[in-house]
Amino acid sequence: MSLVWGAVVVVLSVLSWGGQALSWFAPTTAVRWKLMEAEDDVDPAFWADVRAEALWDTFTLWTMVVAGVLLIADVDAWAYFGLVGGGMYVYFGGRGIFARAALARRGLRIGSRENVRLGYVFSAVWAVMALVTIAAAVRSIQG
């Protein structure tokens with residue numbers, strides 16, 4: 001089971017971390033791949049927030065990728081990376097959902113309906129992945 005969950009964690013977290021890194025380093029490519037909206041298609045405040053979020057996430061979300069790799073390799077330290085990364089991904093997912101919902105309710109342009117819906121889905125998936133990983137990490141640490 002560790003191998004399977006480790007693979008799930010690696011794939012899902014590489015999508016998130018990699019997408020954020022690409023959004024920061026190559027926003028034109030990220031727009032072309034539908035990972036983010038074009039600057040002209042969203043409110044300027046939302047654009048600034050998304051860009052800052054991408055930079056910060058590039059520096060922090062790698063922890064869950066490491067957790068998954070260590071879990072696959074059966075290295076006990078995975079649990080500590082899983083706790084830290086899990087906490088970050090719970091925050092990342094929750095903020096992604098609640099902030100965008102609040103901004104949309106206030107009439108800010110935050111992207112196409114399809115991309116916003118996809119963002120909600122992936123934010124929820126990452127938050128659930130994080131909660132499951134945190135639970136598994138706690139169980140692993142407790143022995």
Side-chain angles (χ1 to χ4, degrees), residues 1-39 41-105 108-143:
M1 186 61 173
S2 295
L3 182 64
V4 171
W5 188 249
V8 167
V9 168
V10 168
V11 168
L12 290 176
S13 58
V14 163
L15 285 173
S16 176
W17 175 74
Q20 290 294 69
L22 189 64
S23 295
W24 175 250
F25 291 112
T28 304
T29 302
V31 168
R32 189 171 44 249
W33 290 0
K34 304 279 188 207
L35 298 175
M36 63 187 285
E37 299 288 343
E39 184 173 7
D41 295 340
V42 296
D43 189 274
F46 182 70
W47 175 259
D49 181 64
V50 166
R51 297 286 291 141
E53 183 180 45
L55 174 60
W56 182 247
D57 291 344
T58 299
F59 288 127
T60 61
L61 294 183
W62 59 269
T63 51
M64 193 64 111
V65 177
V66 172
V69 169
L70 293 176
L71 184 56
I72 290 168
D74 199 26
V75 175
D76 289 340
W78 83 266
Y80 301 102
F81 283 93
L83 288 173
V84 171
M88 289 179 182
Y89 274 74
V90 168
Y91 175 81
F92 175 74
R95 183 185 187 280
I97 292 168
F98 289 101
R100 282 160 178 78
L103 293 168
R105 273 195 308 275
L108 274 76
R109 293 178 302 129
I110 62 170
S112 70
R113 185 179 306 250
E114 178 185 327
N115 281 354
V116 170
R117 186 176 18 248
L118 195 58
Y120 286 145
V121 168
F122 272 100
S123 292
V125 166
W126 287 317
V128 169
M129 172 199 68
L131 291 171
V132 171
T133 301
I134 290 169
V138 167
R139 191 174 63 223
S140 174
I141 290 169
Q142 290 177 341

Here the pair of heavy atoms bringing Val9 nearest to Met64 is CG1-O, 3.4 Å
Is a side-chain donor or acceptor of Ser23 paired with a backbone partner of Gly19 at a separation under 3.5 angstrom?
yes
Arg100/Glu37 under salt bridge (Lys or Arg N to Asp or Glu O under 4.0 Å): CA gap, chis, key distance, verdict:
CA-CA 13 Å; Arg100 282 160 178 78; Glu37 299 288 343; over 6 Å; no
Separation between CG (Asp49) and CZ (Arg95), nearest 0.5 Å, reads 4.5 Å
CG of Leu71 to CG of Asp76, rounded to nearest 0.5 Å, is 10.0 Å
Exactly one of Leu108, Val116, Asp43 clears side-chain contact (heavy atoms from CB on, under 4.5 Å) with Leu103, and that residue is Leu108
Which of Asp57, Val65, Thr58 passes side-chain contact (heavy atoms from CB on, under 4.5 Å) with Leu61? Answer is Asp57
Correct closest heavy-atom pair for Phe122 and Leu15 would be CE2-CD1, 4.4 Å
Can Glu114 and Lys34 be said to form a salt bridge (Lys or Arg N to Asp or Glu O under 4.0 Å), step by step? CA-CA 10 Å; Glu114 178 185 327; Lys34 304 279 188 207; over 6 Å; no
Practice problem: Return the orientation label for the Tyr89 and Trp126 ring planes: parallel under 30°, perpendicular over 60°, tilted otherwise. | Solution: perpendicular
Side chains of Trp78 and Ser140 in contact at under 4.5 Å (non-hydrogen atoms):
yes
One should read off an interatomic distance between Met88 CE and Trp17 CH2, to the nearest 0.5 angstrom, of 13.5 Å
When every non-hydrogen atom of Ala54 is compared with those of Gln20, the smallest separation belongs to CB-O, 3.6 Å
Flag the pair Arg51 / Met36 as yes when at least one side-chain heavy-atom distance between them is below 4.5 Å, and no otherwise.
yes
- prompt: Side chains of Trp5 and Thr133: donor-acceptor distance under 3.5 Å anywhere?
  reply: yes
Taking every heavy atom of Val10 against every heavy atom of Gly68, the minimum-distance pair comes out as CG2-C, 3.5 Å
Residues Met129 and Leu12: closest non-hydrogen pair is SD-CB, 3.6 Å
Between Leu70 and Phe81 the two heavy atoms that sit nearest each other are CD1-CD1, 3.6 Å
